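Scroll down for the structure; my scribbles are underneath it.
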Amino acid sequence: MPRRLISFDWALKRLLRSKAHFGILEGFLSELLQDDIQILEILDSESGRDTPIEKLNRVDLRARNQRGEIILIEVQYQRQFDYLQRILHSSARTLVDHLPKGAPYQDIVKVISVSILYFDFGQGEDYVYHGATRFIGLHRQDELQLSDKQRELYQCDQAHQLFPEYYLIKVNQFDDIASDPLDQWIYFLKNEEIQSDFTARGLQQAKDELDVLKLPEPERRAYERYQDDLHQQASMVQSSYGVGRMQGRKEGREEGHKLGLDEGRRAERERIARSLLDVITDDVILAEKTGLSLDDIQRLRGTQ
């Protein structure tokens, strides 16, 4: 039976920033991007955030490959409906941060954003999605190409190569059938195990160096506390939502006899929302869960 391995998110936070472990991260990125990735340095990250919510919601690592491109890696456990805007903001901020003052626009770095998602995100049957900016003609449906001079200036062949690219890995949607090296990596991301016949780049080093049993005792205890914290955060949201929903249904049914069916349903939704105002701080998520509008949620917060 495969040994239990350290989860990839913990490895990003505590181990993979060391040069000794770069081979693991390089292997994962090489299989994902179908390239030979060599990390030259780990850039400043947001690793100083220590609250439970910040641990679950942040860019975990920024690296620069041998072509000077910036790679962002983010692990996300908590459901977030505006996540696409989040990664757009992260990539845009990275572009600005890495353009020296007074430098020409041609010096803007290429950004590749990689999101490892452990929640149901969007609709689609695949478990790996790639997004890139392409310019397509409205009438002839042809793709805009760079001129020879632009290729020479930008050192790339296609216009979309200048813009940020996004990879979304929906880990929980993976069916555990590893048919290629990238699938082997996703199997590890989902199950924290590496099968004996896996050959993807970086996985053997991960198998050797991310063994939980090899952690020093203080580090192992910290890792176990971190895993417990993930479960606790998920349980708090689910439990609070469930209790609020049951209470809201009961009160809504009682008032529904007086106000009519439609009024009762609305009263039920509002009571659910009130019970969750302190638990779910994102108005978009709260509106989606209760069926109320954003204006309704904001009104309820104003009367809190």
Side-chain angles (χ1 to χ4, degrees), residues 1-16 21-37 55-57 59-61 71-81 83-84 87 112-131 165-215 220 223-235 237-238:
M1 181 177 178
R3 284 183 178 270
R4 179 189 172 206
L5 299 177
I6 301 166
S7 62
F8 195 64
D9 57 317
W10 176 267
L12 281 177
K13 296 171 179 66
R14 304 293 285 264
L15 298 177
L16 299 184
H21 300 289
F22 277 7
I24 298 174
L25 188 57
E26 289 171 350
F28 167 64
L29 294 173
S30 294
E31 298 293 6
L32 175 65
L33 305 178
Q34 289 298 291
D35 197 353
D36 291 322
I37 302 299
K55 286 179 180 178
L56 299 178
N57 297 276
V59 173
D60 287 299
L61 182 146
I71 301 173
L72 309 179
I73 297 182
E74 181 163 359
V75 179
Q76 178 81 356
Y77 279 88
Q78 196 173 41
R79 188 180 183 90
Q80 187 171 346
F81 287 91
Y83 188 75
L84 289 176
I87 60 176
I112 300 174
S113 171
V114 179
S115 295
I116 302 171
L117 307 176
Y118 287 85
F119 65 97
D120 185 20
F121 178 76
Q123 296 181 353
E125 298 181 0
D126 211 322
Y127 50 92
V128 181
Y129 286 87
H130 173 232
E165 294 184 42
Y166 302 90
Y167 289 85
L168 304 176
I169 302 176
K170 300 170 66 174
V171 174
N172 294 338
Q173 196 156 318
F174 178 59
D175 60 7
D176 287 344
I177 300 175
S179 57
D180 58 38
L182 178 58
D183 282 352
Q184 294 175 9
W185 261 102
I186 299 175
Y187 182 95
F188 164 57
L189 296 177
K190 180 179 179 181
N191 299 294
E192 298 169 18
E193 294 177 356
I194 297 174
Q195 300 293 334
S196 60
D197 59 342
F198 283 2
T199 59
R201 286 176 283 187
L203 279 185
Q204 186 57 53
Q205 185 178 353
K207 188 175 183 179
D208 294 339
E209 299 179 13
L210 300 186
D211 191 332
V212 173
L213 297 180
K214 293 182 179 179
L215 287 176
R220 185 160 63 247
Y223 176 66
E224 290 171 352
R225 287 195 300 270
Y226 172 72
Q227 291 293 305
D228 290 342
D229 185 58
L230 288 178
H231 296 307
Q232 181 68 16
Q233 290 296 320
S235 296
V237 173
Q238 290 293 339

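Quick note: residue numbers are just sequence positions, from 1. It should be emphasised that the depicted structure is a prediction, and the values quoted were computed from it without experimental measurement.
Taking NZ of Lys170 as the start and NZ of Lys190 as the end, the distance is 12.5 Å to the nearest 0.5 Å. Put simply, CG on Asp176 and CD1 on Ile186 are 11.0 Å apart, with the number rounded to the nearest 0.5 Å.
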>> The test is side-chain hydrogen bond (donor to acceptor under 3.5 Å, both in side chains); show your working for Asp175 and Tyr127 and say whether it passes.
In response: CA-CA 9 Å; Asp175 60 7; Tyr127 50 92; 5.4 Å; no

> Run the side chain to side chain contact (heavy atoms under 4.5 Å, CB included) check on Val128 and Phe174 step by step: do they pass?
Replying inline: CA-CA 9 Å; Val128 181; Phe174 178 59; over 6 Å; no

>> Show, in sequence, the C-alpha distance, side-chain angles and deciding distance for Leu72 and Ile87, and conclude whether the side chain to side chain contact (heavy atoms under 4.5 Å, CB included) test is met.
In response: CA-CA 9 Å; Leu72 309 179; Ile87 60 176; over 6 Å; no

>> If you apply the rule side chain to side chain contact (heavy atoms under 4.5 Å, CB included), what do you find for Ile194 with Leu210, and how did you get there?
In response: CA-CA 11 Å; Ile194 297 174; Leu210 300 186; over 6 Å; no

>> Set out, in order, the CA-CA distance, both residues' side-chain angles and the distance that settles side chain to side chain contact (heavy atoms under 4.5 Å, CB included) for Leu25 and Ile37, then state yes or no.
In response: CA-CA 9 Å; Leu25 188 57; Ile37 302 299; over 6 Å; no

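Of the possible donor and acceptor atoms, one in the side chain of Tyr118 sits under 3.5 Å from a partner among the backbone N and O of Leu189. For Glu193 (side chain) and Leu5 (main-chain N/O), no donor-acceptor pair under 3.5 Å exists by modelled atom type. In this structure, the side chain of Ser115 does not engage the main chain of Leu168 through any donor-acceptor pair within 3.5 Å. Panel note: side chain Gln184, backbone Ala200; a donor-acceptor pair is recorded below 3.5 Å. With Gln204 contributing its side chain and Arg201 its backbone, the two residues share no donor-acceptor pair below 3.5 Å.
In this structure the side chain of Trp10 never reaches within 4.5 angstrom of the side chain of Glu192, judged on heavy atoms. Residues Lys207 and Leu203 have side chains not in contact (no heavy-atom distance under 4.5 Å, counting atoms from C-beta outward). Considering only heavy atoms from C-beta on, Val171 comes within 4.5 Å of Ile116 through its side chain. The side-chain heavy atoms of Ile73 and Leu29, taken from C-beta on, include a pair separated by under 4.5 Å. Taking 4.5 Å as the limit, some side-chain heavy atom of Tyr167 sits within range of a side-chain heavy atom of Leu33.
Here the shortest heavy-atom pairing between Gly202 and Trp185 reads C-CZ2, 3.9 Å. Contact detail for His21 and Gln205: the closest heavy-atom pair is CA-NE2, 3.8 Å. The shortest heavy-atom contact between Leu16 and Phe8 is CD1-CE1, 3.8 Å.
Taking the six-membered ring for Trp and the full ring otherwise, Phe28 and Phe188 have centroids separated by 6.0 Å or more.
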